Amino acid sequence: MSGARDNPYLAHLPPNQRGAGGPSGSGGNDPAAREPLYGFMPRRVKADQVRKALDHDLNAFTKQPHSAQYKKILEMRRKLPVYGQMDEFYEMFSKNQIIVMVGETGSGKTTQIPQFVAYSDLPHTRGKLVACTQPRRVAAMSVAKRVADEMDVQLGRQVGYSIRFEDMTEPGTTFLKYMTDGMLLREAMNDPNLDRYSTIILDEAHERTLATDILMGLLKALAKKRSDLKIIIMSATLDALKFQKYFGLTEEGAAPLFKVPGRTHPVEVFYTQEPEPDYVEAAIRTVLMIHRAEDPGDVLLFLTGEEEIEDACRKIKLEADDLVNQDPDSVGPLVCIPLYSSLPPQQQQRIFDAPPAARPGGPPGRKVVVSTNIAETSLTIDGIVYVVDPGFSKQKVYNPRIRVESLLVSPISKASAQQRAGRAGRTRPGKCFRLYTEKDFMSELEEQTHPEILKSNLANTVLELVKLGIKDLVRFDYVDAPAPETLMRALELLNYLAALDDEGNLTPLGAIMAEFPLDPQLAKMLIVSPEFKCSNEILTITAMLSVPNVWIRPNNQRREADAAKALLTVPDGDHLTLLNVYNNYVQNKHDKNWTWTHYLSARALAQADNVRAQLQRSMERFDVDLVSMTDERKLYVNIRQALVCGFFMQIAHKEGEKGNYLTVKDNQVVALHPSCGLDTQPEWVIFNEFVLTTRPYIRMVSDIRPEWLFEFAASYFDLASFPDGETKRALQRIMNKRAGKAGGRVDAGSSDVRDAKKRKKNK
DNA sequence: GAGCACTGC
């Protein structure tokens, strides 16, 4: 590849001057005065050239004069640690295809490195883009905005972002794109070579999200195929060596490491002398100790969940008030603010309030934020000087045997503890109080939090990988390989859903399922629903099942909330209730108080609306008809039949009269969740969720007819494969009764929808 | 008669 030929800025130069760098000085005819990128050769750019371009009167990418704001921001950028390493960066970037980069908080890597890359790749001259992925939507949006300001361009033009529901880019103009990792993975499904990109940067790789892990595997393979593609993996320090080894393209070689110092303040860490038997009690005690004895500065306490947090906030407030009552001069006023994701945004904003003002002549006030892990990565609170870390968080665990994900309060990792401590040093030197011993920290805590790929049901991921053309899932080059049983369970499910054939190849149905941003069961149900003349309703139910719980139940208004819920409940099943709630929501959209008076989450319902619209677009794209029927009784039957086509593996059978159910095949004893709206206890039910809390519950439950199981999921309900037991005997009785009657229907579970459509059209 | 760590498509 010839740099000179690719670079339009060199075209007007005689060949002997090409690549020599533009002549300096300014004269009327000096091309460098009109062209900031004069003499730049893709991927051979030096830091000196870039510094000159940044100081140029004209914007390198728009050719417009710079704004006054640009100069101000540039001064701030010059102070970032990463800015001082520009020479080193360009040297390493020019010589290597893959770089691993570590930079602590405040190094500026997320905003600066993609810009550095843009000056080297010159993607705008080659119809390419530089991508930088983020695990979270808000990060992608806010970083893109910041970088657009730094580059003095309008957000959505040269610099943009792409997240679900919002594509803030302009094809042909945008050359620097921030995006969620999941979004890039989606793009890879339709463009496996990711040809649009000249460089791909995976930021926050140490968080090890499912999407980032899969992308790392894909990019490693892609690097061998596309020598022009450069890759940068950005991570926290502790994981760097693992990534360097993983991305070493030769047997012994490791990818080079680029290190950027952070710019944070020191944090002094304290441990307890003895293990604490009750971490919540110890945490409250520590917060009050800080309030009495430490200098002014806000406190961040990490707890595990909503209930624990609300409880702790009440207790801290009570005890702090006690202190004031005993001796008004001893301590200042204290506010305690809870923080967790299901809190409405308005209440989340309270964490940014200033601490309470001191009483006249009294000690200064203090703000205490009591938070889940959301404050560890997703939200940053300035002004925190003290962190209290009991060392626990709720973590997802997956049991592939019974296909159940549950949440368990577990000890955090060293990496997580370090991240928490770091939250104390953002504005000035801070202190971190760990409510465990130093010995336990050293010997008991794991180095890293387990990556998501080891803790999740992989049905979705496996379908994506197969769609990406990965044939051998077991031998795919994972950074950390999931348990073979997890992969087997996923393959089995996809085979029963007819997304994969018996050889593990993608079926035409599976190819469509992969295009829907849904769990495979939901995708299957939605795609077959036109056959049941209820795709309009199934679309709504699918959207409602894909968003957080829409019901709000405040502790002090439980009865009112339950009464409001009863008004919208359909006794035939929770799925029909969801449909009813959505339809009522749409009918009452003009009434701003409607969601509030019905104890419904406006946020979740708006999200359902959004998801529904997106899914509807996908349906149109793949010719899945949007149909409905007028006979309501028949409609309710058909909806539940469509449910069976997706969730036939989640059936339970009533055992005895005590309200116990037994799940089919797995034979787990479960109960209907108390939130379930059924007015009777039907013999056969279909459920969406299995939750393990005080006892095993099934949630989102609807009444079904057992005959449907044989009718719509014959291959799964082949009784020869069933373990002996009451469930099998009950199914056997129904089977025998059916055999008495003549005829049978096609198993929709294994038929191909597109063929079915064609058959219909040919009639 | 009870929950919902956090993301993402």
Side-chain angles (χ1 to χ4, degrees), chain A residues 133-140 162-167 179-190 204 207-215 302-310 339-343 371-379 392-397 405-410 412 416 419 449-453 455-456 460-461 463-464 467 513-520 522-523 543 546-555 558-559 561-562 565 601 604 607 610-611 614-615 617-618 659 671-677 689 691-700:
Chain A
T133 68
Q134 298 291 321
R136 281 168 292 280
R137 297 160 51 90
V138 267
S162 175
I163 59 180
R164 187 183 185 183
F165 306 129
E166 204 180 347
D167 182 8
M179 63 204 302
T180 45
D181 49 8
M183 209 63 196
L184 185 60
L185 194 55
R186 285 263 140 198
E187 282 189 15
M189 287 200 319
N190 291 308
E204 315 281 9
E207 288 193 25
R208 304 293 304 276
T209 64
L210 246 171
T212 294
D213 260 32
I214 300 299
L215 283 169
F302 285 100
L303 289 178
T304 65
E306 172 175 346
E307 204 181 314
E308 204 175 79
I309 287 169
E310 293 291 355
L339 177 65
Y340 43 87
S341 75
S342 59
L343 220 49
S371 170
T372 60
N373 255 6
I374 194 171
E376 198 178 297
T377 47
S378 307
L379 274 170
F392 292 95
S393 69
K394 275 192 193 169
Q395 286 167 44
K396 191 165 72 181
V397 280
E405 291 177 345
S406 47
L407 287 171
L408 206 66
V409 174
S410 331
I412 61 171
S416 186
Q419 177 77 20
T449 310
H450 280 297
E452 228 182 304
I453 196 168
K455 298 189 294 190
S456 308
N460 231 330
T461 308
L463 186 59
E464 279 166 7
K467 171 89 181 181
M513 282 168 62
E515 295 282 349
F516 284 81
L518 294 170
D519 279 342
L522 288 169
S546 313
V547 301
N549 184 12
V550 295
W551 304 103
I552 295 171
R553 198 165 182 251
N555 266 333
R558 287 188 185 172
R559 200 176 304 170
D562 289 349
K565 185 175 173 186
S601 160
Q607 211 180 326
N610 231 340
V611 171
Q614 189 192 32
L615 293 175
R617 285 194 295 275
S618 296
L672 300 184
H673 195 273
S675 66
C676 174
E689 256 186 310
V691 289
L692 200 64
T693 51
T694 50
R695 58 174 297 190
Y697 283 114
I698 50 176
R699 199 156 51 187
M700 292 307 302

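Note on naming: letters A, B, ... go to the chains in the order of the sequence lines (proteins, then strands), and numbering restarts at 1 for each one. Computed from a predicted structure; not experimentally measured.
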Choose from [options] the nucleotide whose nearest atom is closest to any side-chain atom of [X].
| X | options | answer |
| --- | --- | --- |
| A:Asn460 | B:dA2, B:dC6, B:dG8 | B:dG8 |
| A:Arg137 | B:dA2, B:dG3, B:dC9 | B:dC9 |
| A:Asp562 | B:dG8, B:dG3, B:dG1 | B:dG1 |
| A:Arg558 | B:dG3, B:dT7, B:dC9 | B:dG3 |

**Message:** Checking A:Arg559 now: which residues fulfil side chain to side chain donor-acceptor pair (under 3.5 Å) with it, not counting sequence neighbours?
**Reply:**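 Scan of A:Arg559 (side chain to side chain donor-acceptor pair (under 3.5 Å), adjacent residues dropped) gives none.
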
Which part of the nucleic acid, if any, lies within contact of [X], taking any heavy atom under 4.0 Å across all strands shown: a base, the sugar-phosphate backbone alone, or nothing?
| X | result |
| --- | --- |
| A:Thr372 | sugar-phosphate |
| A:Arg164 | base |
| A:Gln395 | nothing |
| A:Tyr340 | sugar-phosphate |
| A:Ile163 | sugar-phosphate |
| A:Asn549 | base |
| A:Asp519 | nothing |

**Salt-bridge present (A:Arg186, A:Glu515; N to O < 4.0 Å)** =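 A salt bridge is absent here (no side-chain N lies under 4.0 Å from a carboxylate O).
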
Using whole Å, report how far [atom1] of [X] lies from [atom2] of [N].
| X | N | atom1 | atom2 | answer |
| --- | --- | --- | --- | --- |
| A:Phe165 | B:dC9 | CZ | P | 8 Å |
| A:Ile374 | B:dC6 | CD1 | C1' | 7 Å |
| A:Ile309 | B:dG3 | CD1 | P | 16 Å |
| A:Glu308 | B:dG3 | CD | P | 14 Å |
| A:Glu207 | B:dC6 | CD | P | 14 Å |
| A:Tyr697 | B:dA2 | OH | C1' | 6 Å |
| A:Lys565 | B:dA2 | NZ | C1' | 10 Å |
| A:Gln134 | B:dT7 | CD | C1' | 13 Å |

**Message:** Please compare A:Glu464 and A:Leu339 by the position of their nearest nucleotide in DNA chain B and report the one closer to 5'.
**Reply:**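 Its nucleotide being nearer the 5' end, the pick is A:Leu339.
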
**Request:** For a side chain to side chain contact (heavy atoms under 4.5 Å, CB included) with A:Arg136, tell me which candidate from A:Thr377, A:Asp181, A:Thr180 qualifies.
**Result:**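 Among A:Thr377, A:Asp181, A:Thr180, the one meeting side chain to side chain contact (heavy atoms under 4.5 Å, CB included) with A:Arg136 is A:Thr377.
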
**Request:** For A:Val397, check side-chain contact (heavy atoms from CB on, under 4.5 Å) against everything at least two apart and list the hits.
**Result:**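 A:Val397 satisfies side-chain contact (heavy atoms from CB on, under 4.5 Å) with A:Ser406, A:Leu408 only.
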
**Prompt:** If only side-chain N and O atoms of A:Arg699 are considered, is one of them under 4.0 Å from the OP1 or OP2 phosphate oxygen of B:dC4?
**Reply:**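 So the side-chain polar atoms of A:Arg699 do come within 4.0 Å of the phosphate oxygens OP1 or OP2 of B:dC4, strictly under.
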
**Message:** Just N and O in the side chain of A:Thr180: are any of them under 4.0 Å from OP1 or OP2 of B:dC9?
**Reply:**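 So the side chain of A:Thr180 is within the cut-off, an N or O lying under 4.0 Å from OP1 or OP2 of B:dC9.
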
**Asked** Can you find a heavy atom in the side chain of A:Leu185 that is under 4.5 Å from one in the side chain of A:Glu464?
**Response**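 A:Leu185 vs A:Glu464: side chains touch.
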
**Asked** Just checking, any donor-acceptor pair under 3.5 angstrom between side chains of A:Glu376 and A:Ser416?
**Response**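 Yes, a side-chain donor-acceptor pair sits under 3.5 Å.
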
